[in-house]
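Worksheet: one structure, shown below.
Counting starts at 1 for both ligands and their atoms, following the listed order.
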Amino acid sequence: MKILTVIGARPQFIKAAVVSRALSEHRPDVREILVHTGQHYDTNMSEVFFEELHIPRPDYNLGIGGGTHGQNTGRMLEKIEELLLSEKPDWTLVYGDTDSTLAGALAAAKQHVPVAHIEAGLRSFNRRMPEEINRVLTDHLASLLFAPTDIARANLLREGVEPDSIRVVGDVMYDAALYYQARARKPAWFDALDIPIDAFVLCTIHRAENTDDPICLRGILAGLEGSELPVILPLHPRTRGKLESMALRLPANIRAVDPVGYLEMAWLEAHCKLIATDSGGVQKEAYFHRKPCVTLRGETEWVELVSHGCNLIAGHSPEAIMAHIKSCQFPAGIDGLYGNGESAPLIARSIR
Ligand code: UDP
């Protein structure tokens, strides 16, 4: 069986690291062709993950990044269609909710190649997010939908997705967190910051709804400025660009660094006091590391974290961010929200 996997963005590299390894256990019956769309292309947003997570080199790199959603999706569609025609895979595998996800799923569905979608059924119910549009459409193009939770499954059933096509498998990011935990690495620059371990906020900001709106970005920065703890901010290239174009200066307690690799991120997550983020993946990693999380968005797809008190929703209100950073605690006794760390082998067996 030949599987054509389409990835292109940072969180997809991390998810593919564990799933590709699980698929490789089924060789030679299963053969995976890896396509990198090029959506993320900076060394510290792409290359570093392939190197340190030992992801196989992509068989194809389409080099499509830096454009608008329409430009990227259109160019990806065209190139992926060519690959589907030449490679003739039995399945196409896509992850999450990026333009690469939608392009892979749409190109495959039109060529009658069945699509498997990992991280199916997630919903923010906010159609202003490009990610929400990508995930809804991808779920409705897919033949095999790997939902991380029962809530995600229920979302799919409500939209009329065929029950037999859904598998609740837990979250492959939990597999990754467990697998790479022992290799977590302190960033080389950490000691020079002179910030004690367990006494900083780890922050990431990259959602378009925050970075593209000066009111949101200012609100978030004002909220973080009110934190008594220093804030370490690995700065996503989009956010860096927007800060520059809006001429926004970071408050003195925010220490911006370049994006880090996964192993350094895992170390920072394990050694911070709390996490403030608009990232989907980082919200879950806060939970894996037993750290309280303040979400810098008005809603989250990972609703179980909120209902169990692991995650407080702050949006971009400075007052809410300050208050939540002060008050949030990780609750005791919350386990097993995202499976048992064996999602990737389950997915590989299921596809086979
Ligand atoms: N991440 C990383 N380095 C960073 C920031 C994030 O390795 O500087 C990892 C993080 O640990 C998580 C993933 O990137 O595994 C989340 O990706 P991102 O926040 O870009 O996307 P989202 O999860 O919001 O789709």
Side-chain angles (χ1 to χ4, degrees), residues 7-19 39-53 55 65 94-102 118-119 122-124 126 129-135 138 148 171-181 183-190 201-211 231-240 255-272 275-289 291 293 295-297 299-302 305 311 338 344:
I7 53 177
R10 175 168 70 186
Q12 294 166 337
F13 307 142
I14 295 158
K15 292 164 198 167
V18 287
V19 176
Q39 188 180 335
H40 282 170
Y41 47 83
D42 293 341
T43 304
N44 55 17
M45 294 293 291
S46 172
E47 185 68 26
V48 64
F49 297 97
F50 284 84
E51 270 168 24
E52 68 179 18
L53 307 184
I55 306 169
V94 295
Y95 294 85
D97 53 24
T98 71
D99 291 341
S100 304
T101 316
L102 177 59
I118 294 181
E119 215 177 69
L122 273 287
R123 295 291 181 269
S124 65
N126 175 0
M129 293 177 72
E131 295 90 343
E132 182 78 352
I133 296 167
N134 290 338
R135 49 173 96 96
T138 301
D171 189 340
V172 294
M173 290 194 91
Y174 187 39
D175 295 28
L178 293 177
Y179 186 86
Y180 294 109
Q181 200 165 31
R183 277 172 252 180
R185 200 171 54 217
K186 179 160 76 169
W189 43 258
F190 184 81
V201 176
L202 176 64
C203 180
T204 72
I205 308 166
H206 77 287
R207 291 255 98 80
E209 69 207 69
N210 285 330
T211 59
V231 178
I232 296 181
L233 175 68
L235 205 47
H236 192 282
R238 177 198 287 156
T239 317
R240 184 180 288 282
R255 315 297 289 270
V257 293
D258 284 335
V260 293
Y262 182 77
L263 301 179
E264 294 186 342
M265 190 66 183
W267 188 92
L268 291 166
E269 289 171 340
H271 292 89
C272 66
I275 289 178
T277 188
D278 63 5
S279 157
V282 177
Q283 288 175 56
K284 282 177 294 164
E285 287 167 356
Y287 163 76
F288 301 150
H289 288 280
K291 302 291 174 173
C293 183
T295 290
L296 306 172
R297 286 176 48 197
E299 75 279 308
T300 178
E301 302 75 33
W302 304 100
L305 294 174
N311 187 334
Y338 297 111

What part of [X], side chain, backbone, both or neither, has a heavy atom within less than 4.0 angstrom of ligand 1?
| X | result |
| --- | --- |
| Glu131 | neither |
| Ile14 | side chain |
| Pro234 | side chain |

Which protein heavy atom lies closest to [atom], and at what distance to 0.1 Å?
| atom | result |
| --- | --- |
| atom 21 (O) of ligand 1 | Pro11 CG, 3.4 Å |
| atom 10 (C) of ligand 1 | Glu285 OE1, 3.3 Å |
| atom 19 (O) of ligand 1 | Ser279 OG, 2.7 Å |
| atom 23 (O) of ligand 1 | Gly281 N, 2.7 Å |

query: Does the gap between the ring centers of Phe190 and Trp267 come in under 6.0 Å?
result: yes

- prompt: How about Tyr338 and Tyr287: are their ring centroids closer than 6.0 Å?
  reply: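 Yes, the ring centres sit under 6.0 Å apart.
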
- request: For the pair Glu119 and Lys284, find out whether any cationic side-chain nitrogen is under 4.0 Å from an anionic carboxylate oxygen.
  value: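 Yes, this pair counts.
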
task: Report yes or no: does a heavy atom of His236 sit under 4.0 Å from some atom of ligand 1?
output: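 Contact absent.
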
- prompt: Does ligand 1 have any atom sitting under 4.0 Å from a heavy atom of Glu264?
  reply: no

message: I need the minimum non-hydrogen distance between Cys203 and Pro234, along with the two atoms involved.
response: O-CD, 3.1 Å

task: Please name the pair of heavy atoms, one in Ile14 and one in Ala176, separated by the smallest distance, quoted to 0.1 Å.
output: CG2-CB, 4.1 Å

Purely on distance, is any nitrogen or oxygen of [X] under 3.5 Å from one on ligand 1?
| X | value |
| --- | --- |
| Arg207 | yes |
| Asp278 | no |
| Met265 | no |

query: Any luck finding a side-chain donor-acceptor pair between Asn311 and Thr295 under 3.5 Å?
result: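 Side chains of Asn311 and Thr295: pair found under 3.5 Å.
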
query: Do Gln283 and Thr300 have a side chain donor and acceptor closer than 3.5 Å?
result: yes

message: I'd like the name of whichever of Trp302, Phe13, Phe49, Phe288 reaches closest to atom 7 (O) of ligand 1 through any heavy atom.
response: Phe49

task: Return the option from Arg10, Lys15, Met173, Glu119 holding the heavy atom at the smallest distance from atom 14 (O) of ligand 1.
output: Arg10

task: Could you point out which residue of Glu131, His40, Gln12 forms a side chain to side chain donor-acceptor pair (under 3.5 Å) with Thr98?
output: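 Testing each of Glu131, His40, Gln12 against Thr98, the sole residue satisfying side chain to side chain donor-acceptor pair (under 3.5 Å) is Gln12.
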
